[in-house]
S.K.: 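Pasting in a structure now, in structure tokens, and then I'll have a few things to ask.
All values reported here derive from a predicted model rather than from experimental measurement. Reminder, nothing fancy here: chain letters follow the sequence lines and each chain counts from 1.
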Protein chains: 2
Amino acid sequence: MVTARRTGLREQKKQATRQALREAALRLALERGPDNVRVDDIAEAAGVSPRTYNNYFSSREQAIVAAVTAERESRVAAAVAARPAGVRLADAVIDAIVEQYTDPGEHDRDALLLITTRPVLRDAFVDAAAAIEHPLTDAIADRLGGSGRDTARVLAASVAAAVRVALERWTRWTAAASPAAGGLVVPSGSLPDLLRAALAPLTPALDAAEERRAAAPEN
Amino acid sequence: MVTARRTGLREQKKQATRQALREAALRLALERGPDNVRVDDIAEAAGVSPRTYNNYFSSREQAIVAAVTAERESRVAAAVAARPAGVRLADAVIDAIVEQYTDPGEHDRDALLLITTRPVLRDAFVDAAAAIEHPLTDAIADRLGGSGRDTARVLAASVAAAVRVALERWTRWTAAASPAAGGLVVPSGSLPDLLRAALAPLTPALDAAEERRAAAPEN
DNA sequence: ACGCAAACTTGCGTACACGCACTTTTTGTA
DNA sequence: TACAAAAAGTGCGTGTACGCAAGTTTGCGT
């Protein structure tokens, strides 16, 4: 298992507060528009003090965006770990990421529209992808065997960087396409395509790392 | 040329202000300790209004750190561009980075000590490495030929991520080593070594990109 | 069941980041 | 040389981030 959950009740409440905060943040942002939401409002809606809010999120944008990106980090790592051991590392990583970033239905549709519209939220959304680095490090390290932790870290960081590039491109053209006609589709503009395109250049590095693991058997 | 400088006098003054600000920030931080420096002080020392200060730097830490990392971004890109065309891309990039991150003498010695001590400054210092991404994208794109701009972007982002990892490790053990005996040296703890180790896993990706460029001649 | 230690919450105070509207400086052009 | 447009500097106001030092809750050993 990659996910090592600590003790029970305390962590449980913490996650509950976290969720309450991000959901309140998103809901209010959608209702009133993001500029008409104060952190006090979010805190109040979540039933905690404003100070506590800042113990969970270090910017207002982060809280709003978190409602969409919530837990995606650990899910990506889990998805990588879930691939059969025979699968090539590069495929496991890329497929897992594409899978987790595939639009999960209508629910966040308007949320994403709101986010991609405002530059500040766009940036926060893109930056949120960096959170996959540490879980992904663990997942890759597991596949490489204990010897390659340092390599896994670098690869995970690179993958996160590539994802960030893809998201930047995606938010770019969604912003450009929205004001125009709704039917205009940019060549290779879908998020999965962008992700695969951005991650492709890293495939040789992932392959090579896996190769060296095969050469140096265990630890 | 990678460096396309715009008009003259305006940009000149801008850079002068920038330099004045970061030097004032560092000097005051060294004199009084970083916690006893207000942005008003920095602005005053540089001869601009506090508001202008915030047009240049979006955090106090950024300004202090900038005095050490100043222009390293563009110098890395220039160093990559300066390597002969026959050199392998991976070597050009890695050597250029190591060269530019080699400690440049006693001048910043105490500054780096100050920075690596305080966690907030450490983070800012590490984050500053992300600035190499865009210049490096241009430099790599030049070597790949016009076709591979997107690939160059991903590779540059990955390289920047690897550098960040190396810097994190470096600041980690400098922080751990300083309080202890001064003579304690961690295995492969020098910054150049850490950089090469962190960048090594990306070599296959850089090679592959270069290879494909050879296959598809020009544009 | 008890109580201590660690973790989380909270209020307060301070400094900071940044949008906006306005003034001053620089640039390109007639 | 003169002038209009663009860019940079500035003052102001508002909301925000975060350190600190309480107070409160949870976990755990006995």
S.K.: Between B:Asp138 and B:Arg149, is there a salt bridge with N-O shorter than 4.0 Å?
M.R.: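 Yes.
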S.K.: Rounded to the nearest 0.5 Å, how far apart are CZ of A:Arg32 and CG of A:Asp41?
M.R.: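 Those atoms lie 4.5 Å apart.
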S.K.: Contact list please: residues 59-69 of chain B against DNA chain D, heavy atoms, distance less than 4.0 Å, in numerical order.
M.R.: none
S.K.: Roughly how far, to the nearest 0.5 Å, is CG of B:Asp123 from CD1 of B:Ile115?
M.R.: 12.0 Å
S.K.: Counting only heavy atoms and a strict 4.0 angstrom limit, can you tell me which residues of residues 19-30 of chain B come near DNA chain D?
M.R.: none
S.K.: Quick one, B:Val80 and B:Arg143 - any side-chain contact, counting heavy atoms below 4.5 Å?
M.R.: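 Side-chain contact under 4.5 Å: yes.
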S.K.: Checking side chain to side chain contact (heavy atoms under 4.5 Å, CB included) for the pair B:Arg60/B:Tyr53: CA distance, chi angles, key distance, verdict?
M.R.: CA-CA 9 Å; B:Arg60 204 177 65 261; B:Tyr53 164 89; 3.9 Å; yes
S.K.: Which whole-number value in Å describes the distance from B:Arg38 CZ to D:dA17 P?
M.R.: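 These atoms are roughly 20 Å apart.
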S.K.: Does any residue of residues 50-58 of chain A have a heavy atom under 4.0 Å from DNA chain D, and if so, which ones, in number order?
M.R.: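 Of all residues in residues 50-58 of chain A, the ones placing a heavy atom under 4.0 Å from DNA chain D are A:Arg51, A:Asn54, A:Ser58.
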S.K.: Atom CZ of B:Arg18 and atom P of D:dA8: how far apart are they, to the nearest Å?
M.R.: 11 Å
S.K.: Just checking A:Val120: base, sugar-phosphate only, or nothing, at a heavy-atom cut-off of under 4.0 Å?
M.R.: nothing
S.K.: Measure the CD1-CD1 distance between B:Ile42 and B:Ile64 for me, rounded to the nearest 0.5 Å.
M.R.: 5.5 Å
S.K.: Tell me which of B:Thr17 and A:Asp40 sits closer to the 5' end of DNA chain D, going by the nucleotide each one is nearest to.
M.R.: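 Checking each residue's closest nucleotide, the 5'-ward one belongs to B:Thr17.
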S.K.: Test side chain to side chain contact (heavy atoms under 4.5 Å, CB included) on B:Thr116 and B:Phe125; report intermediate values, then the result.
M.R.: CA-CA 8 Å; B:Thr116 51; B:Phe125 175 71; 5.6 Å; no
S.K.: Just the atom pairs and distances: protein N or O near nucleotides 22-26 of chain D's N or O, under 3.5 Å.
M.R.:
{"unit_1": "D:dT25", "atom_1": "O2", "unit_2": "A:Arg10", "atom_2": "NH2", "d": "3.4"}
{"unit_1": "D:dT26", "atom_1": "OP1", "unit_2": "A:Lys13", "atom_2": "NZ", "d": "2.5"}
{"unit_1": "D:dT26", "atom_1": "O2", "unit_2": "A:Arg10", "atom_2": "NH1", "d": "3.2"}

S.K.: Should the heavy atoms of other residues, nucleotides or ligands under 6.0 Å from CD of A:Glu44 be counted, would the total exceed 12?
M.R.: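 No, because the 6.0 Å sphere around CD of A:Glu44 holds 12 heavy atoms or fewer from other groups.
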S.K.: Evaluate side chain to side chain contact (heavy atoms under 4.5 Å, CB included) for A:Arg18 paired with A:Glu71, printing each intermediate quantity in order.
M.R.: CA-CA 11 Å; A:Arg18 203 177 209 92; A:Glu71 321 227 329; over 6 Å; no
S.K.: Residues in side chain to side chain contact (heavy atoms under 4.5 Å, CB included) with A:Val126, at least two apart?
M.R.: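 Partners of A:Val126 under the side chain to side chain contact (heavy atoms under 4.5 Å, CB included) test: A:Arg164, A:Leu167, A:Glu168, A:Thr171.
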S.K.: Side chain of A:Lys14: nearest nucleotide among C:dG11, C:dC8, D:dA17?
M.R.: C:dC8
S.K.: If I take atom CD in residue A:Glu44 and atom P in nucleotide D:dG15, what distance separates them, rounded to the nearest angstrom?
M.R.: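 To the nearest whole Å, that distance equals 16 Å.
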S.K.: Would you tabulate the side-chain donor-acceptor contacts of residues 20-28 of chain A under 3.5 Å, counting partners in other chains and residues two or more places apart, or write 'none'?
M.R.:
{"unit_1": "A:Glu23", "atom_1": "OE2", "unit_2": "A:Gln19", "atom_2": "NE2", "d": "3.0"}
{"unit_1": "A:Arg27", "atom_1": "NH1", "unit_2": "A:Glu31", "atom_2": "OE2", "d": "3.2"}

S.K.: Check whether any side-chain heavy atom of B:Tyr56 sits under 4.5 Å from a side-chain heavy atom of B:Gln62, and report yes or no.
M.R.: no
S.K.: As a test of understanding, state which of B:Arg83, B:Arg72, B:Arg196 forms a salt bridge (charged side-chain N to carboxylate O under 4.0 Å, His left out) with B:Glu99.
M.R.: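 Passing option: B:Arg83.
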S.K.: Tell me the interatomic distance from A:Asp123, atom CG, to C:dA17, atom P, rounded to whole angstroms.
M.R.: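 Spelled out: CG on A:Asp123 to P on C:dA17 is 17 Å.
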